> 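The structure that follows is given in the form of structure tokens.
All values below were derived from every heavy atom in this structure, side-chain atoms included, with hydrogens, water molecules and symmetry-related copies excluded. Both counts, for ligands and for their atoms, begin at 1 and track the order of listing. Everything quoted here is computed from the prediction, not taken from an experiment.
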Amino acid sequence: MTLQGKRVVVLGGTSGIGLATAKAFLNESAQVVIASRSESKLSEAKQVLGGNVEGYEIDFRSEEKVKEFFSKVGAFDHLVVTAGEGAMGHFSELPVASAKEAFDSKFWGQYITVLAALPYLKDESSITLTSGVYGVRPPQGATTLAAINSAIDGLVRGLAIDLAPIRVNVVSPGIVDTPIYAGMPDEQRQGMFSGIAQQLPVGRIAQPEDIAESYVYLAKNGFTTGTAVLIDGGAHLV
Ligand SMILES: NC(=O)c1ccc[n+]([C@@H]2O[C@H](COP(=O)([O-])OP(=O)(O)OC[C@H]3O[C@@H](n4cnc5c(N)ncnc54)[C@H](OP(=O)(O)O)[C@@H]3O)[C@@H](O)[C@H]2O)c1
């Protein structure tokens with residue numbers, strides 16, 4: 001299935017995996033709409049991506065704002081959601097409020113987005129959400145993310161049945177070098193990346209472009225629905 005001329009919304013398309021995914025869809029000659037909360041990230045991303053990209057400021061935790069966003073965007077073909085913030089911390093130490101906040105963002109944000117997008121999609125459309133390898137292979141301190149990612153994987157299986165013939169899938173990445181880790185001191189971040197890389201069968205951590213290809217595949221392949229693409233360099237095996 002060609003993506004040429006298709007309209008693709010990438011919610012979270014201003015950074016990391018979403019930005020690389022917006023680029024990957026543009027390389028397929030799709031028309032791309034990106035959205036996230038920060039005006040400055042939006043304008044930087046639009047510069048990186050080039051002239052024809054539409055951008056909208058939106059916080060996907062607000063049902064009202066997300067509805068308003070899709071009414072402005074109008075009809076489109078494929079939805080990708082990469083927006084979301086998690087929470088790390090040992091189960092006995094992470095405050096319940098932080099776990100709930102993470103669910104509000106990564107789980108409920110994606111749920112709200114799918115619901116609000118429905119009136120603007122077609123039978124041939126696809127929806128691709130984002131979970132993560134911690135859903136199947138959590139390290140210590142990832143209980144909340146394990147729960148959120150598993151909930152998203154489950155949501156996608158249910159949606160693939162409820163929303164058929166619209167196809168619904170999820171990309172589940174391992175560790176990816178993105179601005180999500182920008183808050184860590186450089187040395188600590190590099191140490192974490194190289195420690196993980198040494199353990200992985202592929203010997204390196206992912207770049208956002210590695211993951212972006214999975215979203216393009218899921219939008220293009222008309223026989224794929226209700227499935228998770230686990231793209232983690234073999235992290236689930238070690
Ligand atoms: N990087 C990894 O190692 C990794 C591993 C497994 C899973 N993942 C998952 O992959 C997804 C993307 O991660 P990433 O590494 O690409 O992160 P990132 O570089 O921080 O990008 C996240 C994007 O989501 C947007 N966003 C966050 N909260 C939002 C909200 N409430 N409303 C609208 N937009 C929002 C951000 O823009 P604004 O700040 O402007 O809103 C940004 O564009 C996340 O769900 C993450 O959990 C990442």
> When hydrophobic residues are tied together by side-chain contacts of less than 4.5 Å, even through go-betweens, does Leu118 share a cluster with Phe60?
yes
> Check each atom of ligand 1 against the heavy atoms of Gly16 and keep those under 4.0 Å away; list them by number with element.
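In order of number, 16 (O), 19 (O).
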> With nothing but distance in play, are any N or O atoms of Thr130 less than 3.5 Å from an N or O of ligand 1?
no
> Which protein heavy atom lies closest to atom 6 (C) of ligand 1, and at what distance to 0.1 Å?
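Answer, as residue, atom name and distance: Pro173 O, 3.3 Å.
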> Compute the centroid of each ring, for Phe25 and then for Tyr215, and state whether the two points are separated by less than 6.0 Å.
no
> What do you reckon, does Gly18 have a nitrogen or oxygen under 3.5 Å from a nitrogen or oxygen of ligand 1?
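It does not: no N or O of Gly18 is found under 3.5 Å from an N or O of ligand 1.
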> Test your reading of the model: is there a side-chain donor-acceptor pair from Ser194 to the backbone of Gln190, 3.5 Å cut-off?
yes
> Which of the numbered atoms in ligand 1 are below 4.0 angstrom from a heavy atom of Gly174?
3 (O), 4 (C), 5 (C), 6 (C)
> Using 30° and 60° as the class boundaries, would you call the ring planes of Phe193 and Tyr181 parallel, tilted or perpendicular?
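Answer is perpendicular, since the angle exceeds 60°.
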> For the pair Arg7 and Glu54, find out whether any cationic side-chain nitrogen is under 4.0 Å from an anionic carboxylate oxygen.
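Between Glu54 and Arg7 there is a salt bridge, with a charged N closer than 4.0 Å to a carboxylate O.
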> When you measure from atom 35 (C) of ligand 1 to every protein heavy atom, which one gives the shortest distance, and what is it?
Ala83 CB, 3.5 Å
> If every non-hydrogen atom of Phe76 is compared with every non-hydrogen atom of Ala117, which pair is closest and at what distance?
CZ-CB, 4.0 Å
> Is the closest heavy atom of Pro179 to ligand 1 under 4.0 Å?
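Heavy atoms of Pro179 do come under 4.0 Å of ligand 1.
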> Going through the distances and angles, do Tyr56 and Phe69 end up as a ring-ring contact (aromatic ring centres under 6.0 Å, His included)?
CA-CA 7 Å; Tyr56 294 87; Phe69 161 67; 5.4 Å; yes
> Does ligand 1 have any atom that is closer than 4.0 Å to a heavy atom of Gly109?
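No, that is not the case, since the closest heavy atom of the residue is not under 4.0 Å from the ligand.
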> Where do Ala45 and Gly13 come nearest, in terms of heavy atoms and distance?
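The pair with the smallest heavy-atom distance is CB-O, 4.2 Å.
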> Taking Ser105 for its side chain and Ala102 for its backbone only, find out whether a donor-acceptor pair lies under 3.5 Å.
no
> Are Lys23 and Glu28 close enough for a salt bridge, meaning some N to O gap below 4.0 Å?
no
> Any nitrogen or oxygen of Ser38, side chain or backbone, less than 3.5 Å from one on ligand 1?
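Yes; at least one N/O pair falls below 3.5 Å.
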> Checking Lys106 side chain against Ser131 main chain: does a donor-acceptor pair fall under 3.5 Å?
yes
> Using a 4.0 Å cut-off to any heavy atom of Ile58, which atoms of ligand 1 qualify?
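Here the atoms of ligand 1 in question are 32 (N), 33 (C).
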> Quick one: nearest non-hydrogen protein atom to atom 23 (C) of ligand 1, plus distance?
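Here the nearest protein heavy atom works out to Gly12 O, 3.7 Å.
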> Does any N or O of ligand 1 fall below 3.5 Å from an N or O anywhere on Ile175, backbone included?
no
> Any chance you could lay out the side chain to side chain contact (heavy atoms under 4.5 Å, CB included) test for Val229 and Leu218, step after step, and finish with the verdict?
CA-CA 9 Å; Val229 173; Leu218 291 169; 3.8 Å; yes
> Indicate, as side chain, backbone, both or neither, the part of Tyr181 found under 4.0 angstrom from ligand 1 when only non-hydrogen atoms are considered.
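Side chain only; the backbone of Tyr181 stays clear of ligand 1.
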> Under 4.0 Å from any heavy atom of Thr82, which atoms of ligand 1 are there?
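Result: 11 (C), 12 (C), 44 (C), 45 (O).
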> If hydrogens are left out, which of Gln110, Lys106, Lys41 has an atom nearest to atom 46 (C) of ligand 1, that is, the closest non-hydrogen atom?
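The residue whose heavy atom sits nearest atom 46 (C) of ligand 1 is Lys106.
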> I need the nearest protein heavy-atom contact for atom 19 (O) of ligand 1: residue, atom name and distance, please.
Ser15 OG, 2.6 Å
> Which atom names give the shortest non-hydrogen contact between Leu200 and Gly234, and what distance separates them?
CD2-C, 4.3 Å
> For atom 16 (O) of ligand 1, what's the nearest protein heavy atom and its distance?
Ile17 N, 2.8 Å
> Considering the heavy atoms of Arg61, write down every atom of ligand 1 situated less than 4.0 Å from one of them.
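Counting atoms of ligand 1 from 1, those under 4.0 Å from Arg61 are 31 (N).
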> Tell me: protein heavy atom nearest atom 43 (O) of ligand 1, and distance?
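Checked against all protein heavy atoms, atom 43 (O) of ligand 1 sits closest to Thr14 OG1, 2.7 Å.
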> Would the distance check show the side chain of Arg167 and the main-chain N or O of Asn221 forming a donor-acceptor pair, the cut-off being under 3.5 Å?
yes
> Looking at Asp210 and Arg204, does any basic side-chain N land under 4.0 Å from a carboxylate oxygen?
yes
> Taking only heavy atoms of Ser131 into account, list the atoms of ligand 1 that are under 4.0 Å away from them.
7 (C), 9 (C)
> Pairs of nitrogen or oxygen atoms closer than 3.5 Å, one from Gly13 and one from ligand 1: do any exist?
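No, there is no polar N/O contact under 3.5 Å.
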> Can you tell me which portion of Pro208 lies within the under-4.0 Å heavy-atom range of ligand 1? Options are side chain, backbone, both, or neither.
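The answer is neither; Pro208 stays 4.0 Å or more away.
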> What is the closest protein heavy atom to atom 32 (N) of ligand 1, and at what distance does it sit?
Phe60 N, 3.0 Å
> How does Asp59 reach ligand 1, by side chain, by backbone, by both or by neither, if only non-hydrogen atoms under 4.0 Å count?
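Near ligand 1, Asp59 shows its backbone as well as its side chain.
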> Specify the protein heavy atom at minimum distance from atom 27 (C) of ligand 1: its residue, its atom name, and the distance to 0.1 Å.
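Here the nearest protein heavy atom works out to Arg37 NH2, 3.3 Å.
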> Would you mind telling me if ligand 1 is within reach of the side chain of Thr178, the backbone, both or neither, using heavy atoms under 4.0 Å?
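Side chain only.
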> Quick one: do Val168 and Leu79 end up in the same hydrophobic cluster if we chain Ile, Leu, Val, Met, Phe, Trp and Tyr together by side-chain heavy atoms under 4.5 Å apart?
yes
> Does an N or O anywhere in Gly132 fall below 3.5 Å from an N or O of ligand 1?
no
